[in-house]
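Below: one structure, written as structure tokens.
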Amino acid sequence: MDIAVNILLTIATAATPLLVAAIGELVVERSGVLNLGVEGMMIMGAVAGFGAGYLTGSPWLGLLAAVLVGALFSLLFAVMTLSLATNQVATGLSLTLLGLGLSGMMGTGFVGLPGERLPNLYIPFLTDLPVVGRLVFGQDPVFYISIALIAGVAWFLFRTRTGLTLRSIGDSHTSAHALGIHVLRYRYLAVLFGGACAGLAGGQLSLVYTPQWVENMTAGRGWIALALVVFASWRPWRGPAGGYIFGAGRNGQLHAQAFGIPVPSQFLSSLPYLATIAVLVLISRNKRLTMMNTPAALGQPFVPDR
Amino acid sequence: MRVELVKRPQRSALFSALSPFIAFALTMAAGAILFLLLGINPISAFYTYFISPISEVWQLHELTIKAAPLILIAVGLAVCYRANIWNIGAEGQLIMGAIVGSAIPVMFPAFESPIVLPLCLLLGMLGGAAYAAIPAVLKARFNTNEILTSLMLVYVAQLFLDWMVRGPWRDPQGHGFPQTVMFNDSATLPALFPVAGRANWGFVFALVAALAVWILMTRLLRGFEVRVLGSSPRAGRFAGFNFNRMVFFTFMLSGALAGLAGISEVTGAINQLQPTISPGYGFTAIIVAFLGRLNPLGIVAAGLVLALTYLGGEAAQTALGISDKVARVFQGMLLFFVLGCDTLIHYRIRFVGLGAKARGESEAVPAAKLEEVH
């Protein structure tokens, strides 16, 4: 039983950064903006989180720094694509390239240092309950934040007026603009939210998952988060399922290695990427489902005529 | 103060020509700030970075070695991007091209013949094209997002190369190092001017590829098809152009060129397979493609500039003791500024400031409001 609990816990820890980054990107894409810079914002969050945590000695300040740096970095993308109407695909890519370079440069001094780890939740009595105790009351803080984020975003997008407005912008920015909605203001806020989430996901990596700084430690998770948004067909509650499947995949890889299953480790390491491709194919071959949920204005630049 | 974009009636020829230079100047300015923050004198840093790596003839040879793969890949990517098809997995196609192209020299190290090298290059191109066909099939057949699939395949290719050089293809006499046997002379891309430096035929391939793609894009129907489908898919459909066929064409072309870049790098510069054979050429080539304004001839110039940032990064690491990641930062900033400056081609930027308010707004006051005033 203990083994099962441990496995479930590690799956949750592996899935959390994917979920957090994906839920942020989901809001961004719902507003009609495609930000391919998730990987870059995530790695900036990771290096900022580790650095602030190490220098101040407080992992909480580290997490805060990760969120702020992620949002700040996404502001660069917002100014380019929203105010200067640049190509979103190319700008997102350059955000990722810049983030990978900048984080590598900032993190040179952090390599090999022991990091601060965010403590797991502990509530006396409740956490000590058998089985459910640690699963429900004993995980790391970002896990709870991720659940709250998903619930919050689902409520915001589909139960509030502002959420409806945001979705309408994502489907037709010209109509929204004609109705007097500040398209760019909404999109700026959405991109900043996405950046903060990606930063938080990066912070989780360097403050919970593996509390240290390793160059390129995001290892494509930002891109998997982007795929997760497609997998969720832009619906918040479909994200966790995909996220936990990926988490389980990553985990299965480690366990298979531990049990000495005679498969080359490189093959096991490539499974998450192959699984992402397989899942994308399965989802996108259903044209009706994709057409119905994809924000119609996704990726198109908008310049208001005044 | 507010900044507004005003659409130009037609694209500005002036800014079309100027924007890469403005972008480069802005990158320099940002770089100077970066060096100041690192506590390094920007002028000496720039000298180390951009002048010292190309002050001798043999160094120019090194420049072409770095520029060749960038140009080869970027001209292929430019065709994709012109068609609005986003292949960002060139790094993986480069690696697969290198692996497939190395099959003969690794598996038959004793086989020496003039046909070995052409076979290697051909296999390299086939390997790259075949690997690029995967996202193309998925895109054409299942409508799967090619950005994500082509990128995921980069990681898979890197892991596959890692497995090959540690497993089946490891040199038995290599003292356990993860690398293949050294290629024999008939599988080595010859140097152009062996006395003067290491520059090899890869750079010639790059120039030929750039010229060929330029002819394709400006003189052939297929190039026209690419441009029409890219700028207006609807118009392309009415003209009877097939989008799915275009997906295959652009992916296989760029994949083949990336594969050629990979096998040229291996047969020309490294002479064996190692766990890492490319310092991110496939990604840097994206920057090259945009800096060259998706124009094959511009890409040749842009490839040389980006190659210089690689050499400068190495020089700065040894001379100034700063991380060679600075090169990546420069490259990223450059792409940002290029994209930002390209806005000037299609838009005029108007500053609606406090002083200009009266002037600027009076034009825009609606007729109804004017009547109220009078």
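We name chains A, B, ... by the order of the sequence lines, and we start the count at 1 in each one.
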- Item | Under 4.5 Å from any heavy atom of chain A - which part of B:Leu344 | neither
- Under 4.5 Å from any heavy atom of chain A - which part of B:Leu34: side chain
- Heavy-atom proximity to chain B below 4.5 Å, by part of A:Thr91: both
- Proximity of residues 40-47 of chain A to chain B, residues having a non-hydrogen atom under 4.5 angstrom: none
- Message: Working note: B:Arg328 + A:Leu100, criterion side-chain contact (heavy atoms from CB on, under 4.5 Å); need CA distance, chi angles, decisive distance, verdict.
- Response: CA-CA 8 Å; B:Arg328 301 273 294 276; A:Leu100 289 173; 3.5 Å; yes
- Min side-chain heavy-atom separation A:Leu95-B:Phe336 under 4.5 Å: yes
- Query: Side chain of B:Thr343, backbone of A:Thr86: donor and acceptor closer than 3.5 Å?
  - Reply: no
Just list the side-chain donor-acceptor pairs under 3.5 Å for residues 151-164 of chain B, sequence neighbours left out, or say none.
from, atom 1, to, atom 2, distance (Å)
B:Tyr155, OH, A:Gly220, N, 3.3
B:Asp162, OD1, B:Arg166, NE, 3.1
B:Asp162, OD1, B:Arg166, NH2, 3.3
B:Asp162, OD2, A:Gln266, NE2, 2.9
B:Asp162, OD2, B:Arg166, NE, 3.0

- Query: Under a 4.5 Å heavy-atom cut-off, does chain B meet the side chain of A:Ile224, its backbone, both or neither?
  - Reply: both
- Task: State, with a plain yes or no, whether a side-chain heavy atom of A:Arg285 is found less than 4.5 Å away from one of B:Asn143.
- Result: no
- For the student: nearest non-hydrogen atoms of A:Ser94 and B:Gly332, plus distance: CB-O, 4.5 Å
- Contacting region of A:Val89 [heavy-atom separation from chain B under 4.5 Å]: side chain
- Query: chain B heavy atoms under 4.5 Å from A:Met105: which part of the residue, side chain, backbone, both or neither?
  - Reply: both
- Message: Quick check: closest heavy atoms across B:Thr144 and A:Ser284, and the distance to 0.1 Å?
- Response: OG1-OG, 3.0 Å
- Query: Where is the tightest heavy-atom contact between A:Trp223 and B:Ile147, given as atom of each residue plus distance?
  - Reply: CZ3-CG2, 4.2 Å
- Query: For A:Ile283, is it the side chain, the backbone, both, or neither that has a heavy atom closer than 4.5 Å to a heavy atom of chain B?
  - Reply: neither
- Does any heavy atom of chain A fall under 4.5 Å from the side chain of B:Ile287, the backbone, both, or neither of them? side chain
- Item | Contacting moiety of B:Phe290, where chain A heavy atoms sit under 4.5 Å | side chain
- Item | Top contributor to chain B interface from A:Asn87, A:Leu282, A:Val230 [non-hydrogen pairs under 4.5 Å] | A:Asn87
